[in-house]
Number of protein chains: 2
Amino acid sequence: MILRDLIERKRDGGRLSDDELRSVANSAAAGSVPDYQLAALLMAIFFRGLDGHETRALTTAMLGSGQVLQRPAGAPPWIDKHSTGGVGDKTSLILAPLLASVGVTVPMMSGRGLGHTGGTLDKLESIPGFRTDLSLARAAAQLERIGCALIGQTAEIAPADGRLYALRDATATVECIQLIAASIMSKKLAEGLTGLVLDVKRGSGAFLPELDRGLELARTMIALGEAAGVPVVTLLTAMDRPLGNACGNALEVRECIETMRGNGPADLWTVTEALAIEMLRLARPTITAEDARTILLDALHSGAALEKFREIVAEQGGDVRCIDDPGLLPSAPHLADVRATRSGVVQAIPPRPVGHAIIALGGGRTSKDDVVDPAVGVVLRVRVGDAVTAGQPLATVHARTSVALAAAIERLRGSVAVGDGAPVNVLPWVSHRITSTGEELLGP
Amino acid sequence: MILRDLIERKRDGGRLSDDELRSVANSAAAGSVPDYQLAALLMAIFFRGLDGHETRALTTAMLGSGQVLQRPAGAPPWIDKHSTGGVGDKTSLILAPLLASVGVTVPMMSGRGLGHTGGTLDKLESIPGFRTDLSLARAAAQLERIGCALIGQTAEIAPADGRLYALRDATATVECIQLIAASIMSKKLAEGLTGLVLDVKRGSGAFLPELDRGLELARTMIALGEAAGVPVVTLLTAMDRPLGNACGNALEVRECIETMRGNGPADLWTVTEALAIEMLRLARPTITAEDARTILLDALHSGAALEKFREIVAEQGGDVRCIDDPGLLPSAPHLADVRATRSGVVQAIPPRPVGHAIIALGGGRTSKDDVVDPAVGVVLRVRVGDAVTAGQPLATVHARTSVALAAAIERLRGSVAVGDGAPVNVLPWVSHRITSTGEELLGP
């Protein structure tokens, strides 16, 4: 393979063969081709796209560049969920123990926060001692023992994707549907899944804000799953406002624990339950959605889900005392409220300014190498559509320093919009359900 | 400057500011930004282009990333010629001494061969001892002494272009008019010129075969020159067949010496004279083309041009005995003819197969690091339109080994087309003259 020639062909709108894409993936994984040629190829792909066959071939090639988890013969179903991310999007921390508590094995490989979006690994690591850097062998053993492992992408998994993703991030070639789909699916297929639920966010805080782009990503990933024999169910959910109240790593863990105690915010449960039902139905295709819901609510209300979370935390080295006493989680020394400057109705709580406030507080990343402060963040005190009076707290900021506190309050005061009348164009929390056989509109 | 953001903006069709382009050029020159980000930016520019203002700003920024030759106050005019290259395109070796012999200073910075096109530096270095790696200080001293210096692009000149050009070559982003124009002009403006003649080749052997692309390059470079106060005159010349008979480094030097003795091929002189007239008229704008022609023919026939060539060779360490005895130039041990397989008329001698035959003989490069064999090459024995009989020699191959000889003969036999009737669509040697004030059609 002469990579320069492949770049030129793709640049001019041509196709890359399976062998060529395998060669690209393997040499990317081995580090035997220069980053600048891969970067140019990625930008050419950004402009010219990949067709369905090329996207499948790239996914297979990236998957094949590393190791995979092997589901033992006769084992229970292995189901995971992937979200395109957002602000306050913490459903993974609830779904993994909840599903594992009802007999579904959840081999969940997650990422870190970047830009305005948070990441599951950062949230988990706010639990003192919690380790996410498990080897595949150790994750496999834990899956067999307790039915769940919450890990990061190791160097063993799809190393070609690891290198290409880092390059895409640095070269403004992330927002390409086929590359996104291939990247996600190469990792998810490495988990040895029997089914995958995909949570594609839409709205201003989503990675792909526009509905049509979200739908395109969903369809692309569903096709990739189908080609690999793994059914994929996609829900389109709202990210025009943060999900739940807590935004920030330890603050979100605390909200998840409350939710597993049955006391979480309604919106967070709405989205979590919808995703959980899809996961359970992929594991047990013969049950109805209503049956699935009953089973899941039982696991929640009986405390089985929280008990499973305790097992996971213990297995992965975390301090289980945090579960009963969330005060043991990292907490920030400086708190103050953002207050309404007028009376009226909350019109919008745009997620990006909240995410950027968290970055400014030290709780997020602008580059992969940033270290996050687990304690800081923002807890919303009102929802879109709530009536408020002037001076009423809209959100509480948790900061490391008084200077950062004042800056975040200033930043958020201009972002949470209070106006007159009912807010318009608020997205339904769960709006579309998409599978390989059809697309259903769910929301109003 | 956050380079990632500039990549994203250009990717989405936005503009880069002067400051941003200067920052790109300076950090490319300093090596303070990663190659992969520059590669992605170049591919985004390939797709989105640069507008006239951006192209000027990039040229200025690349020029400013390094040192420049300073023409002393009151010095004679400094004029150079640049060609987009081709097979047998050896006019520089004649133009530089010819113009210097009539009082024009020629600070000529040239390149090496790559792909099917030859390079002036390789040709010069086939003269034993000839050094092209002069420092700018030494080149300046030589210019003052003898009015001409033939050098390569040093690390001192437009280092940003050096780095970007190497990346473009490796990432299939060479063929972008604005990047080509900025690259050439950043180097030419560093020569301290008072005027530049541009030889844009067209036809199948040209870097940009299509007329409209050649015209676009000419207009872009003329605008860049004008913005910098340097008049640029462009001639469009033919590269649908090799220029002259000799193709290959030492063989071309020999043909240039013959031409300076007044015995060169007519087509080579036609193109050389046209370019020389433009160079002289840029130096002495008040004289007519006919006056210029007379002055140049005098310099040729008096031996002044060849004498100047001798001075240049001596100054740059070359063996001057080669000029009187070209048998001292490197020569290949294996020679044989390509013969016509039928009688008829030569329809075409496409330059690319000839160039590729020279690469296969070891006389050209497929990558920058290849070492060239100065002795090998191809000497044409017929021209397009000549009547030939079966068995007549069409070309003589000069090879290092008998194996390479046989392969080149085989390759060329299929390339030189002999058929019936007059050949069609043969391009005029000089077809267009383009300046900042107008465009003239010259050829039939």
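So you know, we letter chains A, B, ... as the sequences are listed, proteins then strands, and number each from 1.
- Scanning all heavy atoms of the two residues, the minimum distance from A/R4 to B/A170 falls at CG-O, 3.5 Å.
- Chain A forms more heavy-atom pairs under 4.5 Å with one residue of B/T173, B/D169, B/L41 than with any other, namely B/D169.
- Expressed to the nearest 0.5 Å, how far OH of B/Y36 lies from CG of A/L38 amounts to 12.0 Å.
- Annotation for B/N425: atom CG does not count as buried by contact number, only 12 or fewer foreign heavy atoms lying within 6.0 Å.
- Closest non-hydrogen pair, B/T171 versus A/I7, comes out as O-CG2, 3.2 Å.
- Between atom CZ of residue B/F46 and atom CE of residue A/M43 there is a gap of 13.0 Å, rounded to the nearest 0.5 Å.
- Contact between B/A172 and A/R11 at its shortest, heavy atoms only, is O-NH1, 2.7 Å.
- Contacts between A/L167 and chain B at a heavy-atom distance below 4.5 Å involve the side chain alone, from C-beta outward.
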